[in-house]
Asks: 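Below is one structure. I have some questions about it.
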Number of protein chains: 2
Amino acid sequence: MTYSIAQAAERSGLSIDTLRYYERIGLVDPPARDSGGRRSYSDDDLSWLVFLTRLRTTGMPIRMMREYAQLRHHGAATAGRRKQMLFEHRASVRERIAELQSCLDVLEYKIAHYEQIEHTFVEGITA
Amino acid sequence: MTYSIAQAAERSGLSIDTLRYYERIGLVDPPARDSGGRRSYSDDDLSWLVFLTRLRTTGMPIRMMREYAQLRHHGAATAGRRKQMLFEHRASVRERIAELQSCLDVLEYKIAHYEQIEHTFVEGITA
DNA sequence: GGTTGACCTGGAGTGCACTCCAGCTCCTAC
DNA sequence: GTAGGAGCTGGAGTGCACTCCAGGTCAACC
């Protein structure tokens, strides 16, 4: 299967402009072109794009994604280095989750506090 | 207790420049000044700053924090609205955690894949 | 053969959240 | 009384990740 840029955008969740931008900065390889000079994305291209969106969602900066992309380019010899990157990134995602969780606790506390106020207020009215 | 801007920065984890920036954009009230015209933060100021850093950590945009700050300014009458904001924000933080968790699963999968490759490679060597 | 719609390029513009700077004042310590 | 360090102001600059635009090409349909 091949996909037009609009289809690739829809399936990856990136915008058309972002696809071209990613190509420009070397985050994705230039895809094939059809007879009219238009981009024609392959299934492989698509799965790389989808993987990139995962990395992006987890907050990996573009410069790091680019480094990963370049390593990938150099084949199996760089597999260890790439695994290392994912390893480290996984640790940072876990930390980020823990951080969010702890802020969530603060939010819970604050919300409970507001509920306390409401409760007191209602009691004051009905008392 | 009162704190100089440097102490407030250290205790809140924000930079001195960020403290002044937050004041400029109306995210924090202008603190008291000492005899020399320097900012002098109170414990209340500090706890608000710390709470702001929690909201920031959870990805609340500044414009929303500012809205919250302004509501706070209008006293108890806006407590319901503020609670509502925290409520909605809590939901978005939970969603964010779930999203990160699902991306983490993809990372796990990828890392396992690399381990698979290594394993195969080692077997190939020793066989 | 003319219009429409998707896509093309290079480059400029945007929004966010800071961060830095020049030139100044003020207090403290020597 | 002066040198040093912290802090002050208004405003400019930065980094990131897009997003938009003008002006053009190309294929398809009427």
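A note on names: the letters A, B, ... follow the listed sequences, proteins ahead of strands, and every chain is numbered from 1. Nothing here was measured: the structure is a model prediction, and the numbers come from that model. Because only heavy atoms are used, hydrogens play no part in the values below, and waters and symmetry mates are left out as well, while side chains stay in.
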Asks: Looking only at side-chain N and O atoms, does A:R82 offer a donor or acceptor that is under 3.5 Å from a partner on B:Y114?
Replies: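 Their side chains do contain a donor-acceptor pair, which is all the 3.5 Å distance test asks for.
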Asks: Taking atom P of C:dC20 as reference, at what distance in whole Å does atom CG of B:L14 sit?
Replies: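 Answer to the nearest Å: 15 Å.
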Asks: Between C:dC18, C:dC8, D:dG11, which nucleotide gets closest to the side-chain atoms of B:R56?
Replies: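 That would be C:dC18.
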Asks: Mind checking side chain to side chain donor-acceptor pair (under 3.5 Å) for A:E10 and listing every partner two or more places apart, or none if nothing turns up?
Replies: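 Once residues adjacent in sequence are excluded, A:E10 has no partner under the side chain to side chain donor-acceptor pair (under 3.5 Å) criterion.
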Asks: Any side-chain N or O of A:S15 below 4.0 angstrom from OP1/OP2 of D:dC18?
Replies: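 False: A:S15 side-chain N/O out of range (4.0 Å or more) of D:dC18 OP1/OP2.
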Asks: May I have the distance from A:I16 (atom CD1) to C:dG5 (atom P), rounded to whole angstrom?
Replies: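 It is 15 Å, rounded to the nearest whole Å.
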Asks: Rounded to whole angstroms, how far apart are CE on A:M60 and P on D:dC18?
Replies: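 The distance from CE of A:M60 to P of D:dC18 comes to 14 Å, rounded to the nearest Å.
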Asks: With a cut-off of less than 4.0 Å, is there a side-chain N or O of A:Y22 near OP1 or OP2 of D:dC18?
Replies: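 Yes.
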Asks: Provide, to the nearest angstrom, the distance between the CG atom belonging to A:L19 and the P atom belonging to D:dA17.
Replies: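 These atoms are roughly 16 Å apart.
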Asks: Can you check the B:Y41 OH to D:dC8 P distance for me, whole Å?
Replies: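 The answer, rounded to whole Å, is 7 Å.
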Asks: Looking only at side chains, do B:Y3 and B:D43 share a donor and an acceptor under 3.5 Å apart?
Replies: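 Yes - a donor-acceptor pair under 3.5 Å links their side chains.
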Asks: Would you please test A:R94 and B:E108 for salt bridge (charged side-chain N to carboxylate O under 4.0 Å, His left out) and show each step?
Replies: CA-CA 11 Å; A:R94 283 177 176 162; B:E108 304 285 7; 2.9 Å; yes
Asks: If I take atom CG in residue A:D34 and atom P in nucleotide D:dC26, what distance separates them, rounded to the nearest angstrom?
Replies: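 Interatomic distance, CG of A:D34 to P of D:dC26: 11 Å.
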Asks: Give every residue pair that meets the salt bridge (Lys or Arg N to Asp or Glu O under 4.0 Å) criterion with at least one member in residues 55-71 of chain B, sequence neighbours excluded.
Replies: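 Applying salt bridge (Lys or Arg N to Asp or Glu O under 4.0 Å) to every pair that reaches into residues 55-71 of chain B, excluding sequence neighbours, yields B:E67-B:R81.
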Asks: So, is the end of the A:R90 side chain (NZ or CZ) under 6.0 Å from the ring centre of A:F87 and within 45° of the ring's axis?
Replies: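 Flagged: A:R90 positioned over aromatic ring of A:F87.
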Asks: Using side chain to side chain donor-acceptor pair (under 3.5 Å) as the criterion, list what pairs up with A:T53, not counting sequence neighbours.
Replies: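 Per chain and number, A:T53 pairs via side chain to side chain donor-acceptor pair (under 3.5 Å) with no residue.
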Asks: Rounded to the Å, how far apart are A:Y21 OH and C:dT14 P?
Replies: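 It works out to 17 Å between those atoms.
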Asks: If you look at every heavy atom in A:C103 and B:T58, which pair is closest and at what distance?
Replies: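 Nearest heavy atoms, A:C103 then B:T58: CB-CG2, 3.2 Å.
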Asks: In degrees, rounded to 10°, what is the bend between the two ends of the helix from C:dG1-D:dC30 to C:dC30-D:dG1, using five pairs at each?
Replies: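 Overall, the helix from C:dG1-D:dC30 to C:dC30-D:dG1 bends by 10° from one end axis to the other.
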Asks: Using atom CD of B:E23 as one end and atom C1' of D:dG10 as the other, report the distance to the nearest whole Å.
Replies: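 About 14 Å, once rounded to whole Å.
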Asks: If you assign each of B:R24 and B:R63 to its closest nucleotide in DNA chain C, which residue comes earlier from the 5' end?
Replies: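 This one resolves to B:R63.
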Asks: With side-chain contact (heavy atoms from CB on, under 4.5 Å) as the test, pick out the partner of B:M65 among B:I25, B:V28, B:L52.
Replies: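 For B:M65, the side-chain contact (heavy atoms from CB on, under 4.5 Å) check succeeds only for B:L52.
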Asks: Quick check on D:dC16: is either OP1 or OP2 less than 4.0 Å from any side-chain nitrogen or oxygen of A:R66?
Replies: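 Looking at the OP1 and OP2 atoms of D:dC16, neither is under 4.0 Å from any side-chain N or O of A:R66.
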Asks: Hey, is the side chain of A:S4 poking within less than 4.0 Å of OP1 or OP2 on C:dC7, counting only N and O atoms?
Replies: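 A:S4 to C:dC7 OP1/OP2: side-chain N or O found under 4.0 Å.
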Asks: Nucleotides 21-30 of chain C: which of its N/O atoms have a protein N/O under 3.5 Å away?
Replies:
unit_1, atom_1, unit_2, atom_2, d
C:dC26, O2, B:R38, NH2, 2.9

Asks: Considering only C:dC7, D:dT19, D:dC8, which nucleotide approaches the side chain of B:R39 most closely?
Replies: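 The answer is D:dC8, which lies nearest to the side chain.
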Asks: Classify A:R33 by what it touches in the nucleic acid, base, sugar-phosphate, or nothing, heavy-atom distance under 4.0 Å.
Replies: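 Since only primed, P, OP1 and OP2 atoms lie under 4.0 Å of A:R33, the category is sugar-phosphate.
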Asks: Among residues at least two apart in sequence or on other chains, which ones pass side chain to side chain donor-acceptor pair (under 3.5 Å) with A:E88?
Replies: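 A:E88 satisfies side chain to side chain donor-acceptor pair (under 3.5 Å) with A:Q84 once adjacent residues are dropped.
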Asks: Could you please name the option among C:dG11, D:dA17, C:dA17 that lies closest to any side-chain atom of A:P61?
Replies: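 Selected nucleotide: D:dA17.
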